[in-house]
Amino acid sequence: MKLNPGQNEAVHYVSGPCLVLAGAGSGKTRVIINKIAYLVQECGYKARHIAAVTFTNKAAREMKERVSKSMGRKEARGLWISTFHTLGLEIIKREYKVLGLKPGFSLFDDQDSLALLKELTQNELEEDKDLLKSLATTISNWKGDLVIPEQAKKLAKDEQSQLFAMLYQRYAQHMKAYNALDFDDLILIPTLLLRHHEEVRDRWQAKIRYLLVDEYQDTNTSQYELVKLLVGQRARFTVVGDDDQSIYSWRGAKPQNLVLLGEDFPKLKLIKLEQNYRSSQRILRAANILIANNPHVYDKALFSELAYGEPIRVLMAANEEQEAERVIAEMIRHKFVGRTQFGDYAILYRGNHQSRLLERALMTNRIPYKLSGGTSFFSRAEIKDMMAYLRLVVNPDDDNAFLRIVNLPKRGIGPATLEALGNYANKRNISMFSAIFEADLNHYLSPTAMSSLYKFGCFIVDTEEAVTRGDPVDAVKNLVRKINYEDYLYENSTSAKAAEMRMKNISELYRWVTEMLAGDDLDEPMTLPEVVTRLTLRDMMERNSEDEGGDQVQLMTLHASKGLEFPYVFMVGAEERILPHQSSIDEGNVEEERRLAYVGITRAQKELWFVICRERRQFGETMRCEPSRFLMELPQDDLIWENRKPLASPEQQQATGKSNIANLRNMLKTK
DNA sequence: GTTGTATTACTGTGA
DNA sequence: GTAATACAAC
């Protein structure tokens, strides 16, 4: 396929800073792929001097593969294609000496950070969960804004910010003691490093001579700063973004960075991609009209040359159970009529909890489905346990990991023992793990407790030695066997089947660990510490979902759908308080919710359905629901509202809903 | 002191 | 469906 004029210009403009405003479905990834190839093949750039940064591992992996395909594996070797976080991690790993970090640092995910904060704030916050969460987001925001604890303290005006700033400092100190980093550190630390160390900055600017950034509207302050520091005065870079698809301001993204870019780089070349190759004209028109309700810095007029397409349908259901039934009935009908595949359909929703009923309905109707996101693989208890073991082996100072697994499976090390150990470690200012081996610990603990701890400590040390001296794959295998985790699972799961499932998850994890230790044609072999940090970054998750491949209905949140496309899309819960979400209404951030709706609509290629409930149970109460204001903003002549006025009683709806599915099933069977 | 069992409330999006 | 909590039992 040839490039259109806009794409062509975007690919070939390499002499200075370049901003590509790429509307939904306008082929921005193609531009990036082609540009990388052009830089290497025509402009004399070496692959190892080009970096492309994305936000998700999935996007990075996809880009890697497409680049390899388009210019050949050999030429693609050495390209830096990764997420912001992985790039940051790479910089930290190579510069850890300058940074004063010990090798083998742990990466805390937000659950770990939250656990630590909870521990640190027991006196100040008195177990107030909301406060704890808001402390966590405040710290995260500070880090994203490049504010270090000392500055936070100075900036703090009211009492609460002062308290938070103080706790931020305490948190930072403890993270250092644990030899641990959180996700925000992966950007913050490299950025501060490059800002303050000229020599290091020069080195990295020489290393990365052309930088491409995907989904630029999702960058936060520190990420943009990192970009600026990496490109330096030469300003050889291309960023691709779309302000209408900015849906991550809640985690610190600053879509204003699109504007700042023009101010920071007056020579910035602006290129717009306005032809959409994905959606029918009708879907695109609806999306355009919806998003016109938002203010815009850069005007964009997306158009499509595809067919006008089918009307957009609005389905009504009496309650959330019937919403799920309704979606499935319509999908089966549509599939039967259009002879399509289950894999052509996506069901999108605002919040993860909405997947429950859909899943159940799909299951009872024996429809294959694939759920992305939600309670992810890495937040499953058994995986967290195993990761904690690996983390402790790699970094014995990681008290979080230690606490998670010292007594799992049961080793007779209870809360009393751990409290004594913790106090001792605190007093001596060492980690709990190293405290085990201190000679005078026996003054504080009973001999039985001492021997249990000592046994555990030796086990970890032995494993660590087996990993460094011998074959890490074997060492890891032996670890699972030695702790009898399988027995533990069978004793502690509700059913043998659940235990089996969990064991399968663990085998899956170890398959990945083994693969990563060995390396493959896309990735170099890694050491165990590298594997552990990468896994915490969820680097492997998407690789797994790639080989799913089957004919399955796709279920995911609107957020997770960004960047994807599906022939047929159902958006469920198109109601006030859900989309836009109540809290966004309260916060006065309906514009972002509108963009979220825009993202959902523009995922659809051929047909689109909205589904709304008349009432919904929330907090045990039944609440009446109103159609989303966004539905009202859409061009009504492109919509078909089902049963606009007379809604059948719940009983009737249920009857018709069920029998519809049954009938359709029968029709399919006889065919 | 440690382990087992029952009950409770919670779910806005995620690297 | 999970995790945190509370209480009883070993």
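The figures here come from the full heavy-atom set of this structure, side chains too, leaving out hydrogens, waters and symmetry mates. Chain A is the first sequence line, chain B the second, and so forth, proteins listed ahead of strands; every chain is numbered from 1.
Rounded to an integer number of Å, the gap from A:Tyr488 OH to B:dT3 C1' is 12 Å. For A:Leu596 and B:dG12, the CG to P distance is 14 Å, given to the nearest whole Å. In this structure, the CD1 atom of A:Ile383 is 16 Å from the C1' atom of C:dT2, given to the nearest Å. Between the NE2 atom of A:His353 and the P atom of B:dA9 there is a distance of 18 Å, rounded to whole Å. Computed from coordinates, the A:Lys58 NZ to B:dG14 P distance equals 13 Å when rounded to whole Å. Put simply, NZ on A:Lys133 is 7 Å from P on B:dG12, counting in whole angstrom units. The CG-P distance, from A:Leu564 to B:dT13, rounds to 17 Å in whole Å. Per the geometry, CZ belonging to A:Arg350 stands 9 Å off P belonging to B:dG14, to the nearest Å.
When all heavy atoms of A:Tyr171 and A:Lys143 are compared, the closest pair comes out as CE2-NZ, 3.7 Å.
Out of C:dT5, B:dG14, B:dA15, the shortest distance to the side chain of A:Trp250 is found at B:dG14. With C:dA4, B:dA15, B:dT2 as the choices, the nucleotide that has an atom nearest any side-chain atom of A:His85 turns out to be B:dA15. With B:dG1, B:dG14, C:dA3 as the candidates, the nucleotide lying closest to the side chain of A:Ala560 is B:dG14. For A:Pro415, counting side-chain heavy atoms from C-beta on, the closest listed nucleotide (C:dT5, B:dT2, C:dT2) is B:dT2. Of the listed nucleotides (B:dG14, B:dG1, B:dA15), B:dG1 has the atom at the smallest distance from the side chain of A:Thr417.
Residues A:Trp250 and A:His581 keep their aromatic ring centres 6.0 Å or farther apart. A:Tyr488 has its ring centre less than 6.0 Å from the ring centre of A:Tyr485.
One finds a side-chain N or O of A:Asn407 lying less than 4.0 angstrom from the OP1 or OP2 phosphate oxygen of B:dT3. Under 4.0 angstrom from either OP1 or OP2 of B:dG14 there lies at least one side-chain N or O belonging to A:Asn352.
Here the straight-line distance linking atom CD1 of A:Ile81 with atom OG1 of A:Thr86 works out to 12.5 Å at 0.5 Å rounding.
Ranked by how close their nearest DNA chain B nucleotide is to the 5' end, A:Arg251 and A:Gly412 are led by A:Gly412. Taking the nucleotide of DNA chain B with the nearest heavy atom to each of A:Glu587 and A:Asp184, the more 5' of the two is matched to A:Glu587.
Within 3.5 Å, no donor on the side chain of A:Thr56 pairs with an acceptor on the base of B:dG14, nor the reverse.
Heavy atoms of A:Phe84 sit nowhere under 4.0 angstrom from any nucleic acid atom. Within 4.0 Å (heavy atoms only), A:Glu215 reaches no atom of the nucleic acid at all. Nucleic acid contact for A:Thr448: none, since no nucleic acid atom lies under 4.0 Å from a heavy atom of the residue.
Paired with A:Phe84 under the rule ring-ring contact (aromatic ring centres under 6.0 Å, His included), one option of A:Phe55, A:Phe183, A:Tyr216, A:Tyr224 passes, and it is A:Phe55.
Relative orientation of the A:Trp204 and A:Trp80 rings is perpendicular, given thresholds of 30° and 60° on the angle between their planes.
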